[in-house]
Number of protein chains: 2
Amino acid sequence: MTVSKTIEKSAEATKSRKDAADSPAEALHLGELSEQLGYVLKRAQLKVFENFLRCVASLQLTPAQFSVLLLVEQNPGRNQTEIASTLGILRPNFVAMLDNLESRDLCARIRSTNDRRSHILVLTDKGKAVLTRAKKLVATKHEARLNEVLGVANREALIAMLSKIANEF
Amino acid sequence: MTVSKTIEKSAEATKSRKDAADSPAEALHLGELSEQLGYVLKRAQLKVFENFLRCVASLQLTPAQFSVLLLVEQNPGRNQTEIASTLGILRPNFVAMLDNLESRDLCARIRSTNDRRSHILVLTDKGKAVLTRAKKLVATKHEARLNEVLGVANREALIAMLSKIANEF
DNA sequence: TGATAATTGTTATGGACCATATCAAATATC
DNA sequence: GATATTTGATATGGTCCATAACAATTATCA
């Protein structure tokens with residue numbers, strides 16, 4: 001609850017903008033906002049996604065698409081509903097996503113022989129190759145940058161805490 | 001980089017769903033996904049926002065609206081552009097947001113006398129009262145729940161790391 | 001067995017959020 | 001004083017997210 005030392009200089013409300021010799025407009029005080037988990041979480045998430053996109057730009061993969069490929073690889077024989085729900089994606093919204101990946105020949109839908117309603121998802125050879133390259137880029141660029149900023153130990157602690165929140169909140 | 005012990009039982013792809021005596025469909029393996037910062041970050045952010053909304057449901061405030069009220073309170077005499085850009089909100093998108101807050105009499109736009117183009121933002125009395133109540137709800141419910149899950153020390157460490165990512169990534 | 005219910009993938013649709021171009025009014029610049 | 005810039009605003013399109021509804025298939029059970 002300690003507001004740290006954010007009370008540096010109460011903003012003079014009566015001061016006109018651009019008064020002295022072109023003052024640099026002084027940044028706003030975030031105040032309690034910098035202690036709000038939701039705020040900081042959202043800003044960090046945007047930065048991380050942005051960095052992810054840059055790191056795998058050559059493969060044209062979004063974080064969501066990367067997660068689909070990873071999950072399909074890790075779970076052979078599963079259908080759309082299972083993969084989508086595990087990722088928190090609603091079935092209707094998963095259709096266009098798969099259409100995209102399938103049109104790029106990264107994964108394929110296979111009619112199940114057990115249940116002819118469902119589509120088993122598999123990675124194509126190209127999909128496997130792209131995923132392998134994506135993992136390398138993520139490890140050598142994305143994670144590497146994160147380790148620069150936080151250090152390895154902190155990075156692991158961070159992920160552990162976020163997982164706890166994601167699962168137990 | 002250690003994949004922990006996620007290699008428990010390689011999924012038998014040839015096994016039909018619902019085979020034995022109604023098996024509970026066994027959950028999918030997240031695999032490397034659980035080590036992906038972006039994935040865990042996004043899931044945690046959704047949970048935190050969800051919890052925030054529940055905690056301040058009686059005040060009908062979203063995280064974004066709460067952040068606007070906080071920032072306006074903390075920075076008297078600032079205009080729309082300054083408040084919006086500090087929050088990472090684009091000016092066009094900030095208009096509807098302010099229309100909403102103003103229609104609920106939580107804040108007001110005041111034509112600046114220095115620069116008649118700009119609107120100075122201020123909290124109304126009702127806005128101040130609502131913000132005070134919101135802060136209380138956030139502290140006693142939202143943050144309290146987080147402390148239950150992580151502990152106070154970890155919570156502060158988490159926010160520090162996320163801030164670092166948000167600022168230095 | 002056969003009627004009914006549930007599931008799977010899909011389409012259609014609407015809302016929330018985000019980004020760009022553009023505009024009039026006001027101000028800054030030179 | 002002519003031109004450029006800034007501010008708030010509108011219009012618009014894109015992406016993501018949520019719900020309802022549908023045909024095909026499968027499960028349930030009287």
Side-chain angles (χ1 to χ4, degrees), chain A residues 16-19 21-25 38-39 42-43 45-47 49-50 53 60-65 67-68 77-103 107-121, chain B residues 16-19 21-23 25 38-39 42-43 45-47 49-50 52-53 60-68 72 77-103 107-121:
Chain A
S16 66
R17 220 59 49 227
K18 295 280 174 59
D19 48 357
D22 202 308
S23 60
Y39 177 73
K42 178 77 178 183
R43 299 301 290 248
Q45 184 254 312
L46 291 174
K47 283 294 187 73
F49 270 40
E50 191 183 309
L53 286 172
Q60 286 281 92
L61 282 182
T62 67
Q65 291 168 338
S67 71
V68 170
R78 299 299 190 144
N79 63 25
Q80 293 185 203
T81 298
E82 293 171 313
I83 298 291
S85 76
T86 301
L87 292 174
I89 302 174
L90 293 172
R91 278 65 48 123
N93 299 328
F94 196 48
V95 174
M97 218 174 145
L98 272 186
D99 287 347
N100 180 356
L101 293 176
E102 206 171 20
S103 74
C107 81
R109 301 181 234 226
I110 301 181
R111 284 236 100 93
S112 168
T113 52
N114 302 333
D115 184 341
R116 297 206 328 261
R117 286 171 300 186
S118 61
H119 289 164
I120 301 303
L121 297 184
Chain B
S16 65
R17 219 61 46 226
K18 295 279 173 61
D19 48 359
D22 202 308
S23 59
Y39 177 73
K42 178 78 179 182
R43 298 302 288 250
Q45 184 254 311
L46 291 174
K47 283 294 187 73
F49 271 41
E50 192 182 308
F52 181 97
L53 286 173
Q60 287 281 92
L61 282 183
T62 68
Q65 290 168 338
F66 180 65
S67 71
V68 171
V72 170
R78 299 299 190 143
N79 64 25
Q80 293 185 202
T81 297
E82 292 171 315
I83 298 290
S85 76
T86 300
L87 292 173
I89 302 174
L90 293 172
R91 277 66 48 128
N93 299 328
F94 196 49
V95 173
M97 216 175 148
L98 273 186
D99 287 348
N100 179 357
L101 293 176
E102 206 171 20
S103 74
C107 82
R109 301 180 232 226
I110 300 181
R111 284 237 100 95
S112 168
T113 51
N114 301 333
D115 184 341
R116 297 202 333 256
R117 288 171 299 185
S118 60
H119 289 165
I120 300 304
L121 297 183

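Residue numbers start from 1 in every chain, and the chains themselves are labelled A, B, ... in the order their sequence lines are given, proteins ahead of strands. Note that this is a predicted model, so its numbers are computed, not measured.
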Validation: residues 85-97 of chain A side-chain donor-acceptor distances under 3.5 Å, sequence neighbours left out:
| residue | atom | partner | partner atom | Å |
| --- | --- | --- | --- | --- |
| A:S85 | OG | A:T81 | O | 3.2 |
| A:S85 | OG | A:E82 | O | 3.4 |
| A:T86 | OG1 | A:E82 | O | 2.7 |

#### Entry: Contacts of type side chain to side chain contact (heavy atoms under 4.5 Å, CB included), residue A:Q60, not counting sequence neighbours
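Here the qualifying residues are A:R104.
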### Message
B:K42: which residues meet the side chain to side chain contact (heavy atoms under 4.5 Å, CB included) condition with it, sequence neighbours left out?
### Response
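Scan of B:K42 (side chain to side chain contact (heavy atoms under 4.5 Å, CB included), adjacent residues dropped) gives A:Q45, A:F49, B:Q45, B:L46.
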### Task
For B:K42 and for A:R116, find the nucleotide of DNA chain D with the closest heavy atom, then tell me which residue's nucleotide is more 5'.
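Upstream on the strand: B:K42.
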### Residue whose nearest DNA chain D nucleotide is more 5′ - A:S112 or A:N93
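Its nearest nucleotide lies further toward 5', so the answer is A:N93.
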Take the protein atom [atom1] of [X] and the nucleotide atom [atom2] of [N], then report the distance between them rounded to whole Å.
{"X": "A:I89", "N": "D:dT19", "atom1": "CD1", "atom2": "P", "result": "16 Å"}
{"X": "A:N114", "N": "C:dT8", "atom1": "CG", "atom2": "P", "result": "13 Å"}
{"X": "B:F49", "N": "C:dC17", "atom1": "CZ", "atom2": "C1'", "result": "12 Å"}
{"X": "B:E50", "N": "D:dC17", "atom1": "CD", "atom2": "P", "result": "14 Å"}
{"X": "A:I110", "N": "C:dT8", "atom1": "CD1", "atom2": "P", "result": "18 Å"}
{"X": "A:L121", "N": "C:dG9", "atom1": "CG", "atom2": "C1'", "result": "11 Å"}
{"X": "B:L90", "N": "D:dG13", "atom1": "CG", "atom2": "C1'", "result": "14 Å"}
{"X": "A:Q45", "N": "D:dC16", "atom1": "CD", "atom2": "P", "result": "12 Å"}

### Message
Using a 4.0 Å heavy-atom cut-off to protein, can you give one letter per nucleotide of nucleotides 3-9 of chain D, 5' to 3': B if the base is in contact, S if only the sugar-phosphate is, - if neither?
### Response
--BBSSB
### Task
Please identify each residue that fulfils salt bridge (Lys or Arg N to Asp or Glu O under 4.0 Å) with A:R117, with sequence neighbours left out.
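Scan of A:R117 (salt bridge (Lys or Arg N to Asp or Glu O under 4.0 Å), adjacent residues dropped) gives A:D115.
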### Sub-4.5 Å side-chain heavy-atom contact between B:N79 and B:S112
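No. Closest side-chain heavy atoms not under 4.5 Å.
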### Query
side chain to side chain donor-acceptor pair (under 3.5 Å) with A:R109: which residues, sequence neighbours excluded?
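If we apply the side chain to side chain donor-acceptor pair (under 3.5 Å) test to A:R109, skipping adjacent residues, the hits are A:Q80, A:D99, A:E102.
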